[in-house]
Amino acid sequence: MKVYYCSSEAYPFSKSGGLADVAAALPKTLQNHGNQLKVFIPMYQQNVNDLDALEKLGETTIIIEQKTYKATYYHAVFEELTYILIYNKQLFNRKRFYGYDDDPLRFLFFNHAILSYIDKFSDFPEILHINDWQTSLIPFLIDVDYIKKDEAFKHIKTLLTIHNLEKQGSFPLENEKLLSHKNFTYIHLDKLNFLKTGIMRAHAINTVSESYRQEILTRFYGFNLQGPLKSRQYQLFGILNGFDETLYTPEKSQFLVQNYNENTFEIGKKYNKKALLKQLNLEYDVDKPMIAFINRFARQKGIDLMMQIMDEYLEKNQCYLIIMGQGEPLYASYFEQLSKKYPKLVYYKNSYQMTLSHQVYAASDLFLLPSLFEPCGLNQMIAMKFGSLPIVRETGGLKDTVTPYNKFTGIGVGFSFKNNDEDELKDAIDQAFALYHHEKKIFNDLIHQAMHVHHSMDKMANQYESLYLKLIENKI
Ligand code: GLC
């Protein structure tokens, strides 16, 4: 199958969240399965230095509101996968990826530029796989603009993947002047809503776990889009993300002082823990449980619950806490303060570093992710692979990937709680600590089971392939 994958970010070119990882790993795997792939991403300021190293394919002009914008196409190959980077100096040579007043113009341009590429080079895919709001206008633009230019656009099938419903690309309605055709599809609650447009116009839609698929049809998780989503529920699917298991494995990671597997983790994890305690200049007590939190600092991640209970554990000197990530200043300053207050127990790194992250996954005993909502979540899966048991709230992908410890059967790969409630989180942590200290055998059994779980890219890619096929055969 010929699939063009459109994303606002892809690792290693640009990454602000989990989408970037999926946008790198899924197309690569699909290509390995014998499909023809190209990945379309914007070229941001951070890539501009590489300009000379990239091959320029050509350029075209996009007209928006009677103004012309030049789109330049660059070709890059990373790990044998073709990337088309789309550049316009005025719109994309900026520090951040999103969050500017002219975002509607910037991403409308990006959507047009992808379709113009197809038109210009007469290079038609069977599937256009779009992701999140930043590429959600594509099906609409095909319908109103591009079919007129070339009939072949009629045969392209579009699949929209929703990685996070909270971010919708919802802008003041005055921005509709940017669009050449007035239409109610793009209007939602008196705003121009990119994601809603994609939901209404894509041939099929999916999100990144089955539980999240069900949740987003409800009011609490639907962020006001539950109505449009319900109207498309028969074309709405849930496909769980996988991750690159060859990249994230304690058996082969080059960043660990000692590699280990599911049979040698007891010694392996201990060595890594000792090394990390020294490296980070923390108190040296291997028997104290170590909790890791590696994630974006956003309300979604349940940090508000952590803020209510972590102090107590640290005051009583009951655990280590290692935090790594970036995001909202409110949370960043909370973590900063914690690390100042408990310098021997808390380590805080205000950025994401691959090397250190492997070391923390390997050294930690528990991995915290008490999300308010979580479409899929990748880090809890990576944590399991490294034998760090996740403590999660039962929502979305967390519910689908973390089977909580069952004291009657002994089955489980982590700990969980139901409601967005700090006492419930505390109970889950207490349960984990109790096993850690007093039931080592059970705790180790859980690690063994967690390390055994596979969320491979192949499994994930197979499901996308069968969805593409259904689309191509008009079975959806
Ligand atoms: C978003 C979601 C996260 C998901 C990722 C990749 O970042 O918040 O749950 O794993 O996208 O699909």
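Order of listing sets the numbers, starting from 1, for every ligand and every atom in it.
- Annotation: atom 1 (C) of ligand 1 to nearest protein heavy atom, H163 O, 3.4 Å.
- Ranking the protein heavy atoms by distance from atom 3 (C) of ligand 1 puts E374 OE2, 3.4 Å first.
- Near V208, with a cut-off below 4.0 Å to any heavy atom, the atoms of ligand 1 are 12 (O).
- Contact atoms of ligand 1 toward R296: 7 (O), 8 (O) (distance under 4.0 Å to a heavy atom of the residue).
- When side chains are defined from C-beta on, V392 does not count as touching S371, because their heavy atoms never get closer than 4.5 Å.
- Residue-to-ligand polar distances keep V22 apart from ligand 1: every N/O pair is separated by 3.5 Å or more.
- The cationic atom of K385 (NZ for Lys, CZ for Arg) does not lie both less than 6.0 Å from the six-membered ring centre of F243 and within 45° of the ring axis.
- Within ligand 1, the atoms closer than 4.0 Å to a non-hydrogen atom of Q300 are 8 (O), numbered from 1 in the order shown.
- A heavy-atom distance below 4.5 Å is not found between the side chains of D400 and Y212.
- For ligand 1, the polar-atom distance check finds an N/O of G377 within less than 3.5 Å of one of the ligand's N/O atoms.
- Among the candidates L108, L91, N175, the single residue satisfying the side chain to side chain contact (heavy atoms under 4.5 Å, CB included) test with D102 is L91.
- For the side chain to side chain contact (heavy atoms under 4.5 Å, CB included) with L128, the qualifying choice from L160, L159, I142 is I142, the only one to do so.
- The aromatic rings of H112 and Y146 are tilted relative to each other, their planes meeting at an angle between 30° and 60°.
- By the criterion of a heavy-atom distance under 4.0 Å, the side chain of N241, and not its backbone, is placed next to ligand 1.
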